[in-house]
Every structure is written in C-alpha cells, then in structure tokens.
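In what follows, every heavy atom counts, from backbone to side chain, and hydrogens, waters and symmetry copies are set aside.
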Amino acid sequence: MTRLAARLRAIRRPAGGGFDRKLIAPMILGSVLNPINSSMLAVALIPIGQAFGASPSETAWLITGLYLATAVGQPVIGRLVDAFGPRPLYLIGTALVGVAGLIGVLSPELWVLIVSRVLLGFGTSAAYPASMFLLRSESERTGVRSPSGVLAGLSISNQVVAVLGPPLGGLLIGVGGWHLIFAVNVPLSAACLVLGALRLPRRSGRGRAGGVDLPGMALFAVTLTAFMSFLMDPVAAHWPLPAAGALAGAAFTVRELRAAAPFLDLRVLAGNGPLLATYGRQLLAFVTSYAFLYGFTQWLEESRSLSPSAAGLVLLPMSVAAIAVTAVTGRRPEVRGKLLAGSLVQVIGCAALLLIGPATPIWQLVILATVIGIPQGLNGLANQNALYAQADPARMGSSAGLLRTFMYLGALAASAANAAFYRHGATTGGLHDLGRLLVAVAALLLVVTLADRSLRRVGRTDRDGTPYQQKSTTDNPKGTVMPVTALDSKTALVVIDLQNGILAIPGAPYATSDVLARTVQLAEAFRARRLPVVLVRVTSASDGSDVVPGRSEVSRAARARTPGWDAIADQLAGHPEDIVVTKRNWGAFYGTDLDLQLRRRGVTQIVLAGVATSIGVESTARAAHEHGYNVTLATDAMTDMDGDSHRHSTEKIFPRLGETGTTAEILDLLAKTHP
C-alpha cells in the first residue's frame, strides 16, 4: 500500500516545473460530457417524440431540462469547487452522469427521460469549473500565466465537441435507436471516475477563501429557474414566473450584498466590466450557435426529409471546421481578433439561411455547415481565454461556471426561438424567419466586440514577448511567480488614497472600482482578525499653499477640487477602529504619525494597496522598507494612471522592497496564518 500511495503521489506531481500533463485527460474527458449530451439530442428529438407519441413542445423539455439544470448547476458547483477543491465535486458529478445514463436507457415514459436529462445537467456541471480551477492552480504553481495550449484543448472539448454530437447521435440512433445516446454516458462516466480517482490532486494546493453561501445559492437557483421557465413559453398567462423571479432576484441581491462570504460577490462582479462583457458575448454567441444547431437540424429532417444519421453527416463538416480553427488559433492568447472574425462569419452564415430551400443541393448545405463551424471554434475559445484573464483567481470555479450559465442561457433563448418559429413544424418559412433573427443577434455580437476596448489587452504581449499583466521580476527572469511567503502576527493593511476624487480618475491596468472592491475584501478580512487597517488620505489647502514645492520636468496639472474629493470612499469608511492618516505628500510616512501609530501597536509588517502604484504606493513602500517593516504589496489591489508605470513598479521596484502577490493569494495566506 505504501508503494502504491507513493506511485499515486508521483503521478500527481510532475517531475519538472511545467504543467502537470497527467491532469489533462480527466479535465478533457470530464468536460466532454456536457456539450456532447447537449448536442446529441439534436438528431434524437423526432425519434423520441415518435416513440412516446409526444409533440415537439413536449420533447422540447428534454432540451430545457438539461439547460436549466446546467445553468443553475455550473456556478453553484463551481463555488463548491472553490470551497472544497476540484476532486470531490468532479467524482460526484461524473458518477451522477452514469446514473442518469442508466435511467435514460430504462425510461418507460417521457417524464422519466426528462428527469434523466436534469440529472445529466447537474452531473455534467462539475468537470468544467474543476478544470478551470486546476488550470489556475497549475498556473500559480508553474508561473505560466496564460496556458493557451491547454485552454485550447479545453475549448475543443467544451465548445467545439458540441458540434460532434449530431453526427455521433445520428450514428448511435442508426445502430441501436435513441436509447444509445443515453447509454454512452455509462462508459464515459466510468472512465472519468477512474481517471479522476488516479490523477486529480487530493488537496487543492492553496487555502480556500470563504464559506458556502447556501441561502444565496438557493435564491440564485429560484431566480434563474423562474426566468428560464418563462423564457421557454413566454405567454401572458405565465406572468407569475417572471414576477417570482424578480422577487427572488431582489432577495438574492440583498443577501449577497450583506453576506460576509457571498456565493457571487456582486460588488466585485459589478466592478469587473470586462468580465461582464465576456458573459454578454457568451450569451449572444450561443444564441446563434444553438439556434442554428437545433433549427437547421430539424429543418434537414422535416423539410429536407433526411434521416437523423444523414442530417448528422451534413453537420459533420461543421465539427471539422471548428476543430481545425481551434487547433490553428488556440495557442495564440489574443482574443479580440478571434471574436471579430467569429462574429462577422456568424453574420454571413446566418444570412445564408435566407437563401436555402427544399431544393437546395446537399453540397451547398454542407458548405453552409462548414462556414458556421468557423465561429463555433473562434467565439467559445476567445471568451474562455478572456474569462481566464479577467476572473478573480480565488473564484475561478464559480466564474467559469457562470460563463457556462450564460452559454446555456443563450441555448435556452435559442430553444425558445426555435419553438416560436417552428410552431407548425420545421418549415422553410420558419427557418427563414429564424435566420433573420440570428442575423440581428450576430450583428449585435459584432458591435459589442468592437465597442469593448479592454479586449485589446487580453493576451497581448509586451515588446519582450512577456504576456500583458504577467508577473515577472528581476529575480525571476523567466517570469515565474514568487508567492507571498509570510504574514507576521502583527500585520497591518495600509490603504493609499482610496478617496472620492482619486477614485473618479480612470486607472490602468485595473479600473479604480476593481481596486476598491479588492481592497474592501482585504479590509474586511483584516478587521475580522482584529488586525489594524490604516486608511491614508491626501489633501491640500484650497489655495494650494501647502502643495509640495520644487521644480520638475513634468508639470503638476491643476485639478478641480469638488467638495468631498478628499473623503475616504464610503465602502471603506465608517469603521471607528480603523486608523485614518492624512498626508500632504506622495508617501504616507513623511510628515505624518503613521510610523508612531504602527509601532505602538507592535506592527512589524504592512500590506499595501491603493492608488497610484508608481506614486503614493511606491513612495510608501520605499519608506516602509527603510523604516524596517516587512512589506507585502497586493498588486491587483492597486492601479495607476499609466499601465506601463504600474508594471514597472510591480515588476522592477517592488520585488526589491518586499513580496508581491494578488489579493486572493494574500487572503489565502491570511486565512492560514491568522485563523
């Protein structure tokens, strides 16, 4: 047993410092479960309806059940992954997939089959958040901030493999009937369980932040279920559903804003505009993708009179094109070009739907499917890479799950559109009406992508080839990340200039709202442990008489001082136990009693956050180092007016003054050292 345990540990720990390749197989195989189950059903709806004597509106619940369970389950299970690590959730989820597959094979009635699909939705919701969590953990361990090759592999399994479903489903139905599309989950589940048990780490590799917000999860589920159920049949008689959703949503918002460890940190999420834009693009991209997948497939079978297996073969080039595009572009982390190309090709492909009819030659339909495969490969990959760069590392599981929620919100909207346009069957007229809607959605995706300036930085490299925002130091020339190693028993948080007037100034590379949200997290954690929190504000006389004198090459731009410009932000203020220091210089030590206040409390270490990185924060860090304090700098809880200045301070100066780390890393270490 001892030898076996040693071998298993050796499997989980790579010999070198690179990404642990043994994790890839369970990550990829587990992530296949959701998209393959989503898309195989596209060619099985009609055979299942015939077997149970069910109408299209009734069999549509087979789609809705999976999507509803997945949309709710992905962020919920993702948060559990953040709390307990990927291994237990991965194993429980993939085991549930096997159980659901057996129920589907033995289903005597349609409602049992729908229950099977709901269980599949929950079961398949674990692997993707677990995989993204493992990617982030490996990134922190190896120092590789953008593992684009592995992300490309995940994209193939999560988005592109979805288009392999119709040909595979058609093949299985042709061999043994629709039951086989459920039976295939049993061996897939078994393989995932074996690989997961052997290769997934028993420990997550870092402490987990926060608890599990069960009331928040429940309110989130009620809100989403109510709105999505109405979306499936949006008629006036169902008005109680959106009303109930609105009430649950309001209660969810109040709960999350008050919770110490919320399921979804709405303050941080609201301050992360680029991440919200990524969720919006995911929704738009997959409205078009899934509406085409289901709408075009049903039209092929009903109006073009193709068998399920033949319809699957027509869609096979879509799979090939998507995989090829991902393979070619996957190792390049830039996302803006992918999204622009993907949305433009979607517009063209959807417009082509208006030109086809029952007499259209098969070869032209194959070309259309091939064209649609291109954005299928580009959009999902780009949004996934964007999320990896934009999400809070401490909540990577729930953020990744929420990305999948928006994906399936798009799928549900697509299903509702298909139901609306195919009320009298999958006719050519209904397909053309659907095509007009999809052209508008794809055009909106193109406009949203063009308007998002933050995409220009995601995946961009500096002149020396270093990925933008990747952390490197003179002590680590290869760009490896040195984690924060220690927090003294008496450590204080010192916050520089997070006041109304300064927070109104645009920041780079982080928005000042993002910096404020992360600093609030740090402050709450320090207060909870009765560690000092110092709020530093800068002010000056109204006539400027006490402004620092002296000539400089860079002129000091005069700024209009509105009333309250020097007041600490409301999100941080209001805690009588905090220390408030007023300064009139860049640094917080010169001309203030900060050193006196810290030493009287026995403080030996400070954690620094605030604005601006290269001015107030750097000046304070230099003085703290010279005063003999241990210095830790929260590099994503600070920003500058110039991104290059921020990077110069964090990469060249701060490693000589102390240790640098992200907010999540500091919070994790704080939880370990100050329980």
Side-chain angles (χ1 to χ4, degrees), residues 17 136-137 139-145 205-207 209 392-394 466 469-496 509-510 515 518-519 521-523 525-526 529 531-534 536 587-589 594-595 598-599 601-640 645-675:
R136 173 57 67 178
S137 296
S139 171
E140 293 176 354
R141 182 185 65 80
T142 62
V144 179
R145 284 295 187 187
R206 66 178 186 180
D392 181 355
T466 303
Q469 291 182 1
Q470 176 171 317
K471 183 174 158 188
S472 63
T473 74
T474 52
D475 297 327
N476 298 283
K478 293 183 179 180
T480 56
V481 176
M482 297 298 292
V484 180
T485 62
L487 291 174
D488 296 349
S489 59
K490 286 292 186 178
T491 298
L493 174 68
V494 179
V495 180
I496 304 298
Y510 303 112
V515 169
R518 294 184 185 116
T519 305
Q521 286 184 301
L522 289 168
F526 271 70
R529 292 163 174 82
L531 294 174
V533 174
V534 181
V536 180
F589 280 91
L594 175 58
D595 183 53
L598 295 176
R599 295 198 185 280
R601 290 166 174 81
V603 171
T604 58
Q605 181 170 354
I606 66 170
V607 173
L608 273 170
V611 179
T613 307
S614 64
I615 303 175
V617 177
E618 183 175 319
S619 296
T620 303
R622 288 176 181 271
H625 178 69
E626 291 166 356
H627 278 72
Y629 292 98
N630 293 318
V631 180
T632 298
L633 299 112
T635 54
D636 62 346
M638 60 182 68
T639 194
D640 208 292
S645 297
H646 171 90
R647 288 193 294 278
H648 182 268
S649 294
T650 57
E651 296 174 5
K652 307 297 183 183
I653 305 301
F654 290 167
R656 297 181 179 274
L657 301 176
E659 294 183 327
T660 59
T662 64
T663 299
E665 290 167 347
I666 294 169
L667 288 173
D668 287 347
L669 184 58
L670 188 64
K672 291 178 181 178
T673 57
H674 298 73

Check your understanding: For T632, what residues pass the side chain to side chain donor-acceptor pair (under 3.5 Å) criterion, not counting sequence neighbours?
Key -> Q605
Review point. Could you state the interatomic distance from CD (E651) to NE2 (H646), rounded to the nearest 0.5 Å?
Key: 8.0 Å
Check your understanding: Should V603 and P532 count as side-chain neighbours, where that means a heavy-atom distance under 4.5 Å?
Key -> yes
Practice item. Decide salt bridge (Lys or Arg N to Asp or Glu O under 4.0 Å) for R622 and E626; before the verdict, give the C-alpha distance in whole Å, the side-chain angles of both, and the deciding distance to 0.1 Å. Key: CA-CA 6 Å; R622 288 176 181 271; E626 291 166 356; over 6 Å; no
Study note, to complete from the structure: Closest heavy-atom pair, A637 versus V515, reported as atoms and distance to 0.1 Å, is O-CG1, 3.2 Å
Revision key, fill the gap. So CD1 of I496 and CG of L608: to nearest 0.5 Å the spacing works out to 5.5 Å
Practice item. To the nearest 0.5 angstrom, please state how far the OG1 atom of T604 sits from the CG atom of D488. Key: 3.5 Å
Check your understanding: Do D636 and T662 get their side chains close enough for a donor-acceptor pair, meaning under 3.5 Å?
Key -> no
Point to revise | Exercise: identify the closest heavy-atom pair between E659 and A486 | key: OE1-N, 3.8 Å
Study note, to complete from the structure: Here the pair of heavy atoms bringing A525 nearest to L667 is CB-CD2, 3.5 Å
Revision key, fill the gap. dist M638:CE -> I615:CD1 (nearest 0.5 Å) comes out at 13.0 Å
Review point. At their closest point, which heavy atom of T620 faces which heavy atom of A588, and how far apart are they?
Key: OG1-N, 3.0 Å
Practice item. Kindly indicate whether the side chain of L598, heavy atoms from C-beta on, has any atom under 4.5 Å from the side chain of V534. Key: yes
**Study point:** Partners passing side-chain contact (heavy atoms from CB on, under 4.5 Å) against R599 (at least two apart in sequence or in another chain)
**Key:** D595, H627, Y629
Practice item. Please lay out, stage by stage, how F526 and T491 fare under the test side chain to side chain contact (heavy atoms under 4.5 Å, CB included). Key: CA-CA 9 Å; F526 271 70; T491 298; 4.0 Å; yes
Practice item. Determine the minimum heavy-atom distance between L657 and V631, stating which atoms define it. Key: O-CB, 3.7 Å
Check your understanding: How far does CD1 of I666 sit from CZ of R518, to the nearest 0.5 angstrom?
Key -> 11.5 Å
Point to revise | Derivation of the side chain to side chain contact (heavy atoms under 4.5 Å, CB included) call for T613 and L633 | key: CA-CA 10 Å; T613 307; L633 299 112; over 6 Å; no
Review point. When rounded to the nearest 0.5 angstrom, what distance separates CG in L531 from NZ in K490?
Key: 7.5 Å
Point to revise | Any donor-acceptor N or O pair under 3.5 Å, side chains D640, S645 | key: no
